[in-house]
Amino acid sequence: MAAISVPLHSEPNILSRLIGRPTSAIGLIVLVIIVAAAILAPVIAPYAPSKLSIASRLHAPSLAHLFGTDDLGRDVFTRMLYAARTSLSVGFSVVVLSSIIGTILGLTAGYFKRLDTPVSRLIDAMMAFPDILLAIALVAALGATAVNVVVALGIVYAPRIARVVRASTLVIRELPYVEAARALGVPTPVILIRHVLRNVTSPLLVQGTFIFANAILAEAGLSFLGVGISPDIPTWGTMIATGRQYMDQAGWVMMFPGAAIVVTVLSLQLLGDGLRDLLDPRLAKDI
Amino acid sequence: MLRSILNRLLGMIVVMALVVTIVFVIVRVTPGDPAAVMLGPDASAADIAALRSRLGLDGSIAEQFGRYVLGVVQGDFGQSIFLNEPVTTALAQRAEPTFFLTVFSLLIATAIALPVGILAAYKRGSIFDQATTTVAMFAASVPSFWLGLLFIQFFAVRLGWFDTSGYGGPDASFAVRLNHLVLPALALGLVSSALITRFTRASMLDVLNDDYVRTARSKGMSEWRVVLKHAFKNALIPIITVIGLTAALLISGAVVTETVFGLPGVGSLVVSAVLRRDYPVIQGALLVIAGLYVLVNFAIDMLYLVVDPRVRY
């Protein structure tokens, strides 16, 4: 059943072309470094993430503590590495979940003419809610856990995927080869997966990259507000929330996690821009 | 024209109805009984039943929905559990800071983005253009609440130019309140200017090479007039769209930024409502903000009809 998998035929090609562009190359390299640092956190981290040391609380950055220590004497650099694990996996899970929901909605609206109007109106209505606000409400209803933050943000960003998938599906549906497949009596699910979905992967990949960036910002916002992931778990957002209380004496506690967000989101955006220019020439209008 | 307006109006009403439905559903996805969750483990059965009826959670789902819709249509969003006042009153009291914060941020964002975006497109490929693109992308990556914290630290604490937090109390003059809005509006506006700048630049690039721009130039018209009158006017539609979109994003940003700056707005109301599980307030805020978004979108669609006579719905 190799045919069911949806490979990007030109994947090696795309990768080399991405690296050929200075901006997307930088984005990709920085992102790889951040992901590697997150995965290798237990190896790289100089201390244990929750090792308390009252004697060394709020120490300024030094050789012993690269990014200083927080109010409980915990090493900020170490905690940032562990926070990267949470923030990145939340962001990535949001991309996966919103892609699944959004693809189903988008394929339905785009392929079945009768369902287009109701599904599209539902998408419009969901897009009417500001992302953080809807996420806050959903997390409030579901309960504040990391999984529920992913569920909430997945629902919040699904309409964006749905719009992109719907737009592509509308075009692909009318293409001769899809018509031919229909005429040959290929079952609809097979047409949808083999012929429509695999041609939607490019815009999906582009949109997914931007949603990754947005999800990281949104998760940080929720955690900062204290309505998302529990403050005991280090994420970049919760670290900023802690550091905020000691901003006057120890700016580094909130400064470095914020910088980590900026760098990660920026590299995702650079990568997303590069992917869009390469994969979606219609949209590659110097935006 | 009339047909287009009616078409859009109908679409808007359908979306509004769906928005109300979504808001209704959100509280119902709470695992377990929201009333029991709100009152905690020690509550008596009678108290829980009383709160259930206050929350409109008694009766069948259809009954609950009917009651909710009927209330919303009449402008009754229910009672806040903790503030002991109607949700509409609570929202109205908190509307001012949020409104001004959104408007000022949008003004700041547009005031930066339009000239910068136009100039970047006009001088395409120049150092200015490249710097603009880079800075815009950078700005879009900064969490507005974090930028707000940095602003507080620098402008309020270190330089002492502004108050660190609050809205100046209930009797504060407009000037004092304005002073409290400067930093949050700047933080939000700077971050949001990125998107508008990118779109302005892109849509200006689209039109700057068009025939009529060349014609205008060959007529000997001044560059100033060519760019602003002929090109900009035609680039306006995508720009209006993205400004409308930014307005919606700003409300989202306002939720977090208000909390950072201690502004007593709708955003901080929602956050405290979440922490206290005051569901009617969360629902009311969602309803009002999503409703406003739908209205703004409708207004933008109507604006298209005016700006571009070719547009039909």
Side-chain angles (χ1 to χ4, degrees), chain A residues 23 27 117-118 120-144 148 151 213 216-218 220-222 224-227 236-237 240-241 243-244 247-248 251 254-255 257-259 261-270 273 285-287, chain B residues 11 14-19 21-23 26-31 34 121 124 133-134 137-138 140-147 149-150 152-153 157 198-199 201-202 205-206 248-253 255-256 259-260 267 270-271 273-275 277 279 282-283 285-286 289-291 293-294 297:
Chain A
T23 47
T117 313
S120 292
R121 287 296 89 79
L122 179 67
I123 295 172
D124 287 346
M126 284 173 75
M127 297 273 279
F129 298 96
D131 55 356
I132 295 241
L133 202 59
L134 183 56
I136 289 178
L138 282 169
V139 174
L142 296 168
N148 287 339
V151 171
I216 287 179
L217 285 174
L222 291 178
F224 172 76
L225 291 175
V227 296
W236 292 328
I240 296 176
R244 176 193 184 183
M247 216 162 57
D248 296 351
M254 54 85 51
M255 209 83 90
I261 296 175
V262 175
V263 172
T264 311
V265 172
L266 184 60
S267 60
L268 278 166
Q269 300 220 42
L270 289 171
D273 266 20
K285 277 200 215 147
D286 294 286
I287 293 181
Chain B
V14 172
V15 172
M16 278 289 201
L18 284 169
V19 163
T21 313
I22 293 174
V23 169
I26 284 179
V27 170
R28 269 80 193 168
V29 302
T30 307
R124 182 184 191 171
T133 313
T134 315
M137 196 169 273
F138 186 76
S141 310
V142 178
S144 56
F145 65 91
W146 185 65
L147 188 65
L149 288 176
L150 295 183
I152 291 178
Q153 189 58 26
V157 175
R198 279 162 62 118
F199 267 83
R201 176 179 173 275
L205 279 180
D206 260 359
L249 287 177
L250 280 173
I251 299 176
S252 208
V255 174
V256 193
T259 316
V260 172
V270 171
V271 172
V274 166
L275 298 175
R277 295 189 173 270
Y279 291 116
I282 304 173
Q283 284 182 299
L286 275 179
I289 289 173
Y293 175 81
V294 176
N297 255 326

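First the proteins, then the strands, lettered A, B, ... as listed; each starts at 1.
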If you count heavy-atom pairs under 4.5 Å with chain A, which of [options] comes out on top?
options: B:Val260, B:Thr21, B:Leu275, B:Thr134; value: B:Val260
options: B:Val270, B:Leu149, B:Leu250; value: B:Leu149
options: B:Val255, B:Ile26, B:Ile282; value: B:Ile26

### Task
Check for a donor-acceptor pair, side chain of B:Trp146 on one end and backbone N or O of A:Ala259 on the other, with a separation under 3.5 Å.
no
### Query
Checking A:Asp124 side chain against B:Val15 main chain: does a donor-acceptor pair fall under 3.5 Å?
no
Let me know if [X] has heavy atoms under 4.5 Å from chain A in its side chain, its backbone, both or neither.
X: B:Leu286; value: both
X: B:Ala273; value: neither
X: B:Phe138; value: both

Can you say whether [X] sits under 4.5 Å from chain B via the side chain, the backbone, both, or neither, judging by heavy atoms?
X: A:Leu134; result: both
X: A:Leu270; result: both
X: A:Ala220; result: both

### Task
Drop me the distance from B:Ser141's OG to A:Leu217's CG, to the nearest 0.5 angstrom.
7.5 Å
What is the minimum heavy-atom distance between [X] and [Y], and which atoms define it?
X: A:Ala128; Y: B:Val19; value: CB-CG2, 4.1 Å
X: B:Val14; Y: A:Arg121; value: CG1-CG, 3.9 Å
X: B:Val274; Y: A:Ala140; value: CG1-CB, 3.8 Å

### Query
Got B:Leu18 and A:Met126 here, is their nearest side-chain heavy-atom distance under 4.5 Å?
no
